[in-house]
Amino acid sequence: MTIELPTTYSSKDTEKKWYKTWESGNYFKPKKGKTNKAYCIIVPPPNVTGKLHAGHALDITTQDSLIRFKRMKGYETLFLPGLDHAGIATQSVVEKMVWEEEKKNRRDFSREEFVKKIWAWKEQYGNTILDQQKAMGASCDWDYLTFTLDPIPNQAVKKIFVDLYNQKLIYQSDYIVHWDPSLQSAVSEAEVEHKDVQGNFFHLKYQIKGSTETLEVATTRPETLFGDTAVAVNPEDERYKHLIGKIAIIPLCNREVPIIGDEHVDLEKGTGCLKVTPGHDFNDFEIGKRHKLPIINILNIDGTLNDHGMEFKGMSCKEARKKVAKKLEELEILIETKSHTHPVGHGERSGVVIEPMISKQWFVNVKEMSARAVTAVEKNETRFFPKEWENTYFSWLRDPKDWCISRQLWWGHQIPVFYCDDCGHQWASEQTDSECKKCKSKKIHQDPDVLDTWFSSGLWPMSTLGWPNEKAMNEKKFETFFPNSVLITGFDIIFFWVARMMMMSLQTQNQVPFKDVYIHAIVRDKLGRKMSKSLGNGIDPFDMIEQYGTDAFRFSLASGAGYNRTINLDPERIGGYRNFINKIWNAYRFIQPHLASGSAHIADLHKLDHHERWIVSELNTTSKSMNESFEIYRYDDACSAVYSFVYDKYCSWFIELSKNILNTENHEAKAQRVSVLKFVFRKILALLHPITPFITEELWANLKETNEDLLIAQDYPEYDSAFEFQDDQDQMNKFIEVITNIRNLRASVNIKPKDEVSVELFTDNQDLINYFRKNIINFQELARVKDLKVGNKELNRPNKSIMNITTHTEIFVPLEGVIDLNEQISRLEKELSKTVTDYKKYEAKINNENFMKNAPENVREEVRVNEAEIREKINSLKENLIQFKS
RNA sequence: GGGCGUUUAGCUCAGCUGGGAGAGCGCUACCCUUACAAGGUAGAUGUCGGGGGUUCGAACCCCUCAACGCCCACCA
């Protein structure tokens with residue numbers, strides 16, 4: 001009984017169906033497999049700020065392919081999903097939304113009210129993200145779904161905070177931080193982006209107390225002079241050396257400040273004379289520390305000038321800069337203004353200019369942790385793929401700066417530090433304490449700040465598996481899945497995230513969090529540009545799934561994922577792979593009507609005929625190469641191996657070669673061929689399943705035995721030496737070459753595809769002669785050949801004919817009608833000259849004593865074989881040219 | 001300024017420890033051949049960025065120049 005199948009595969013109908021079947025059948029749950037080993041990948045939790053983009057789709061594709069591969073290999077696999085609260089990013093988008101909808105900002109609400117709004121946002125967008133991941137086919141165990149603000153991650157955050165606090169590795173300090181005036185929070189230096197900005201160099205004249213001399217100071221920020229507490233010169237600078245120790249008078253505010261000597265000052269830059277603003281410049285802050293200078297904060301938290309700014313109070317820095325410069329000009333203190341391009345820090349999230357500002361913040365001393373994180377990678381406890389990314393990792397960790405972990409936000413893990421309002425005692429606690437540990441006062445309050453998002457993300461490999469809650473750790477099988485097998489992510493967060501996880505895992509577990517790190521490429525548009533909202537060149541995974549199907553989309557992403565650092569994704573390419581998916585569908589349509597007459601297994605390998613040995617041998621090679629490629633994260637190689645096997649071997653040749661057998665009445669041969677077709681196709685589905693899970697599962701349902709499980713639970717094909725038939729592969733390649741040559745000859749004289757031709761083959765290889773004679777029917781099928789004659793080169797060649805010559809066989813197509821002799825001759829001469837050029841390379845090598853002396857034997861052997869073959873071909877060409885011309 | 005990377009067919013990219021230049025898409029010609037026109041058959045296209053060196057032999061190793069990209073640092 002055969003069912004009419006449509007000629008195109010419809011992804012829409014099948015995808016939802018299978019995802020549901022897998023999920024409800026608990027196929028995503030970890031189960032002990034035949035290897036008795038565990039394999040775990042944790043999804044880098046997407047931010048709940050919005051929808052998934054193409055980069056996330058690549059994340060899921062690479063991870064899920066690996067998980068499915070390992071699951072089929074018999075590992076106990078866990079693919080663990082999650083979501084990240086993404087403190088700053090999420091709070092900003094909600095603030096923006098509230099402003100647009102209600103024209104209110106967050107301070108118009110209580111903290112509790114506002115956080116409630118963010119939770120509502122999280123519910124909505126978090127769920128969209130999960131739906132998208134499911135649409136991508138992610139085989140996650142959703143019972144493990146964790147959000148960074150869930151109770152256990154919160155417990156983890158508190159635990160490590162309190163530990164580090166008690167070890168004095170977390171400390172509070174007045175420090176100059178990157179202040180984001182729009183967020184009104186400190187941000188970490190990693191969240192600051194430097195952009196070149198067109199500004200000015202203002203040269204100012206400073207009076208020196210008790211002297212008629214003046215100093216010329218160059219600055220890009222005259223408005224900060226209200227915070228100046230020194231003027232610095234290089235101690236080696238002959239121009240200013242004598243002034244060190246004297247007092248300079250700052251214009252406008254007339255503050256008297258010391259002139260100091262400091263190495264930091266560059267003799268070449270500006271005027272060689274630097275105004276020192278320890279409260280609003282990172283270098284100046286360091287200078288200030290060295291010289292114990294007072295610090296003056298001239299800014300409010302919104303970035304406007306405070307009382308120190310005198311008449312400029314309340315203005316933004318930008319505005320004040322103009323006004324101050326104008327005033328200085330009027331007072332003839334401004335000597336000159338030079339235009340100057342210089343980098344200025346901008347908030348990665350908010351986009352506004354970051355102001356260096358002094359404030360009290362929490363820091364982690366990462367000196368020791370980062371050293372351990374370096375050692376672990378040096379010792380290969382964690383391996384990077386591709387290895388070059390180690391450099392990026394090292395460069396960050398070898399010169400670590402203390403990590404500012406406090407943020408003046410409302411959305412996040414609140415810092416577990418408490419203050420007593422009565423006795424001033426400060427302590428850290430994992431519990432929500434209600435009284436002072438020291439004086440028992442009930443008047444206490446918790447630090448209002450929250451922790452940097454990466455502080456909780458850094459604990460992700462542990463907290464998602466239940467740490468530090470013992471009961472949860474047992475339930476989630478911490479011991480089995482930690483350390484994770486591989487972390488897959490983009491290079492942009494090696495610093496932010498990978499390094500932090502390494503540090504925190506070594507700190508809390510005394511071992512690395514994952515054995516491998518695979519760094520995948522950044523997805524860009526087809527022109528190589530970053531995908532961004534402003535360019536409107538983003539690729540929405542949902543659109544691609546809708547248009548081409550998930551399998552095609554996954555295959556495109558996987559085929560672009562190797563050791564490269566960018567993938568320029570062109571939707572047309574996805575279309576190309578959609579066609580490939582459809583090809584598989586149609587291969588099934590071809591074998592489907594015959595399935596009943598064969599079995600799914602090969603009963604006796606020895607009974608296989610030549611073409612059957614060839615295809616199983618090719619299959620074997622493909623399995624080997626796919627296994628190897630997956631193990632080292634070469635998805636691109638895995639894809640091209642399976643693509644060319646399915647397309648170029650199975651469909652183009654094996655199916656074509658099977659048609660005549662399927663049409664014969666030879667039931668035994670037919671049954672065997674059907675079995676091989678089925679056997680190989682089943683393996684193809686298994687090979688492809690990790691990359692294209694949906695269509696393969698759909699077709700498997702039609703091919704499987706009734707007692708067999710779903711494809712997702714089948715074994716992954718492996719290399720097996722019993723299936724290797726090298727001789728058949730060699731012979732088949734020659735056959736393909738001859739067929740192609742016949743087709744080429746036909747096309748060269750415009751013989752209609754339907755018309756039959758006679759062909760005569762000449763070769764001195766007796767095995768080939770026998771082989772060609774046995775395959776007469778296939779010449780008929782594949783090249784419309786009638787009257788195939790095969791003989792050795794002693795025989796006379798046909799008179800009127802067109803011909804091609806390979807290294808092993810001369811191919812003649814005798815023609816009845818008129819042949820353009822000159823055209824044939826010129827074609828042969830062209831071929832001859834090309835072959836001679838080729839030959840000379842080998843001849844030169846053989847005549848080169850040094851080559852024969854130095855090259856390895858296998859290379860010499862190859863050259864000898866090629867030389868002989870090509871010499872043979874040249875002889876054939878020459879002889880036949882003589883015949884043609886006579 | 002420091003570091004990393006890229007440069008191979010019209011486009012997007014592979015090319016492993018050096019040993020006869022590849023794939024997909026696109027393009028051209030001819031075909032609606034009973035799995036597939038989302039298809040078939042055949043075909044064209046490359047000073048492997050430039051220059052130098054090492055080697056019997058270089059797309060690959062070394063030096064150098066050029067163009068482009070990314071990361072880090074830096075508000076005088």
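Naming: A, B, ... by sequence-line order, numbering from 1 per chain.
Straight-line distance from the CD atom of Glu390(A) to the C1' atom of G3(B): 16 Å, rounded to whole Å. For Tyr393(A) and C71(B), the OH to P distance is 21 Å, given to the nearest whole Å. The nearest whole Å value for the distance from the CH2 atom in Trp389(A) to the P atom in C72(B) is 11 Å. Residue Leu699(A) contributes atom CG, which lies 17 Å from atom P of A35(B) at whole-angstrom precision. Put simply, OH on Tyr563(A) is 13 Å from P on C16(B), counting in whole angstrom units. Here A38(B) presents its P atom at 16 Å from NZ of Lys12(A), a figure rounded to the nearest Å. The distance between atom CD1 of Ile522(A) and atom P of C13(B), rounded to the nearest whole Å, is 14 Å. If you take NE2 of His280(A) and P of C74(B), they are 18 Å apart, rounded to a whole angstrom.
Comparing C25(B), A35(B), C74(B) by their closest approach to the side chain of Asn283(A) singles out C74(B). Of all nucleotides listed (C13(B), G20(B), A35(B)), C13(B) comes nearest to the side chain of Thr566(A). When distances run from any side-chain atom of Arg221(A) to the nucleotides C75(B), C25(B), A35(B), the shortest one goes to C75(B). Side-chain atoms of Glu572(A) lie closest to G26(B) of the nucleotides G19(B), G26(B), C75(B).
In a base pair of the Watson-Crick type (N1 to N3 plus N6-O4 or O6-N4) or a G-U wobble (N1-O2 and O6-N3), with each distance short of 3.5 Å, G69(B) is matched with C4(B). With a cut-off of 3.5 Å on both pairing distances, G18(B) has no Watson-Crick or G-U wobble partner at all. Nucleotide G39(B) forms a pair with C31(B), judged by Watson-Crick or G-U wobble geometry with both contacts under 3.5 Å.
Ring pair Phe735(A)/Trp653(A) is perpendicular by interplanar angle, where above 60° counts as perpendicular and below 30° as parallel. Aromatic ring orientation, Tyr577(A) versus Tyr643(A): perpendicular (interplanar angle above 60°, classes split at 30° and 60°).
Looking at Ile250(A), Thr219(A), Leu215(A) one by one, the single match for side-chain contact (heavy atoms from CB on, under 4.5 Å) with Leu204(A) turns out to be Thr219(A). Looking at Ile287(A), Leu274(A), Leu243(A) one by one, the single match for side-chain contact (heavy atoms from CB on, under 4.5 Å) with Ile260(A) turns out to be Ile287(A).
Between Ile333(A) and Tyr206(A), the closest side-chain pair of non-hydrogen atoms is not below 4.5 Å.
For Lys583(A) and C36(B), a side-chain-to-base donor-acceptor distance below 3.5 Å is present, hydrogens and geometry of angles not being considered. Contact of Tyr842(A) with G20(B) (side chain to base): a donor-acceptor pair of N or O atoms is detected under 3.5 Å.
Cation-pi check for Arg860(A) over Phe851(A) is not met; the charged atom does not lie both under 6.0 angstrom from the ring centroid and within 45 degrees of its normal.
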Taking N or O atoms only and anything under 3.5 Å, show me the protein contacts with nucleotides 42-44 of chain B, one pair per line.
unit_1 : atom_1 : unit_2    : atom_2 : d
A42(B) : O3'    : Asn744(A) : ND2    : 3.4
G43(B) : OP1    : Asn744(A) : ND2    : 2.8

